[in-house]
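Only one structure is covered here, and it is reproduced in the block below.
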Amino acid sequence: MNIRAARTSELPVLQAIEVAAGRPFAGIGMAEVARDDPPDLPVFAAGQRAGLLWVMAGDADEPVAFLLADVVDGCLHVEQVSVHPDWARRGLGRALLEHAATRASADGLPALTLTTFADVPWNGPYYARCGFRILSDPEVTPGLRAIRRHEAGLGLDTWPRVCMRRDLQVP
């Protein structure tokens, strides 16, 4: 397994990984989330062009997980990290987060941020185990507030959501 930049030819594969990774939400009463469409190909392509789309490649060098990021309010914001369920519970998501943290730190960015479901075991509690903390309302930056407004417009506020941050050591 290795982490590398996503290739253009792999962007549809990342969509398929996202769809598969969303299926478990149906089993916890979040069928609407399970049915969500994956990010459009132009969204993945923009992340790829910015150098902020990484994949975890399996033995045949095929993607089995990915992390898509963006810079929001001076921090590296994790837009999406998804692991195909066939590869879940092997530390791939955590490895991608560590890769993003290393990249952000090297780029002089002070933190990773993300928004997520507060109570879904593989969301909020998982990210807390990975060193993220829930931001209090005054700590939520303008860019994160804009992301949360967008998410609310998509109906994601049907379930509790939070903004989280992991501070990094900048060299």
Side-chain angles (χ1 to χ4, degrees), residues 3 6 14-15 17-19 21-22 24-26 28-40 42-54 56 65-83 88 91-171:
I3 297 173
L14 304 186
Q15 287 181 310
I17 291 170
E18 176 65 15
V19 169
F25 284 93
I28 61 168
M30 298 172 73
E32 296 90 342
V33 174
R35 288 191 301 267
D36 265 355
D37 290 330
D40 292 330
V43 172
F44 281 123
Q48 179 194 30
R49 283 190 306 275
L52 298 174
L53 176 60
W54 302 285
M56 177 69 73
F66 72 88
L67 187 147
L68 173 64
D70 195 4
V71 177
V72 175
D73 296 329
C75 297
L76 190 66
H77 183 74
V78 178
E79 293 285 339
Q80 188 65 42
V81 58
S82 293
V83 177
L92 305 185
R94 187 180 294 261
L96 284 163
L97 287 168
E98 291 306 317
H99 180 82
T102 298
R103 166 70 188 270
S105 182
D107 289 348
L109 302 177
L112 296 179
T113 61
L114 56 82
T115 61
T116 193
F117 293 110
D119 301 322
V120 174
W122 59 89
N123 280 197
Y126 169 76
Y127 292 119
R129 290 191 304 276
C130 292
F132 287 81
R133 65 180 176 80
I134 295 173
L135 295 176
S136 66
D137 188 60
E139 294 177 296
V140 177
T141 63
L144 291 176
R145 287 189 193 285
I147 290 168
R148 288 290 297 116
R149 281 192 302 276
H150 174 74
E151 292 172 347
L154 297 173
L156 295 178
D157 279 5
T158 302
W159 306 275
R161 288 190 62 80
V162 293
C163 296
M164 300 183 81
R165 177 183 172 113
R166 176 179 161 187
D167 293 316
L168 303 173
Q169 292 184 3
V170 179

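Keep in mind that what you see is a predicted model, and the values were worked out from it rather than measured.
For the atom pair Leu96 CG and Ile3 CD1, the distance stands at 4.5 Å (nearest 0.5 Å). Atoms CG and CG, from Leu76 and Asp107 in turn, are 8.0 Å apart once rounded to the nearest 0.5 Å. Atom CG of Leu114 and atom SG of Cys75 lie 11.0 Å apart (nearest 0.5 Å). Taking CD of Glu18 as the reference point, atom CG of Asp37 lies at 10.5 Å (rounded to 0.5 Å). Interatomic distance, Phe66 CZ to Gln48 CD, rounded to the nearest 0.5 Å: 13.0 Å. With values rounded to the nearest 0.5 angstrom, Cys163 atom SG is found 8.0 Å from His77 atom NE2.
Counting only heavy atoms from C-beta outward, the side chains of Leu168 and Leu109 never approach each other to under 4.5 Å. When side chains are defined from C-beta on, Arg133 counts as touching Asp167, because their heavy atoms get closer than 4.5 Å. A heavy-atom distance below 4.5 Å is not found between the side chains of Phe44 and Gln80. Looking at Thr113 and Asp73, their side chains never come closer than 4.5 Å, going by heavy atoms from C-beta outward. Taking the side chain as every heavy atom from C-beta outward, Leu14 and Leu53 approach each other to under 4.5 Å.
Closest approach of Met56 and Ala95 over heavy atoms only: CE-CB, 3.6 Å. Scanning all heavy atoms of the two residues, the minimum distance from Arg103 to Trp54 falls at NH1-CZ2, 3.5 Å. Taking each heavy atom of Asp119 and Pro160 in turn, the nearest pair found is OD2-CG, 3.7 Å. Listed here is the closest heavy atom pair of Ala21 and Ser82: CB-CB, 4.0 Å. Among all heavy-atom pairs drawn from Cys130 and Leu97, the shortest one is SG-CD1, 4.0 Å. Contact between Thr158 and Gly155 at its shortest, heavy atoms only, is OG1-O, 2.8 Å.
Judged by distance alone, the side chain of Tyr126 and the main-chain N or O of Arg94 form a donor-acceptor pair under 3.5 Å. With hydrogens and angles ignored, the 3.5 Å screen pairs no side-chain donor or acceptor of Glu79 with any backbone N or O of Leu68. When atom types are taken as modelled, the side chain of Ser105 and the backbone of Ala101 share no donor-acceptor pair closer than 3.5 angstrom. Side chain of Asn123 to backbone of Thr116: no donor-acceptor contact under 3.5 angstrom is found.
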message: Go through it in stages, so that I can follow the logic: the residues are Asp137 and Arg145, the test is side-chain contact (heavy atoms from CB on, under 4.5 Å), and I'd like the CA-CA distance, side-chain angles, deciding distance and then a yes or no.
response: CA-CA 10 Å; Asp137 188 60; Arg145 287 189 193 285; 3.2 Å; yes

task: Just do the side-chain contact (heavy atoms from CB on, under 4.5 Å) check on Val33 and Val120 with the steps written out, would you?
output: CA-CA 12 Å; Val33 174; Val120 174; over 6 Å; no

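The residues Glu151 and Arg161 are annotated as salt-bridged, a charged nitrogen and a carboxylate oxygen being separated by less than 4.0 angstrom.
Taking the six-membered ring for Trp and the full ring otherwise, Phe25 and Trp122 have centroids separated by under 6.0 Å.
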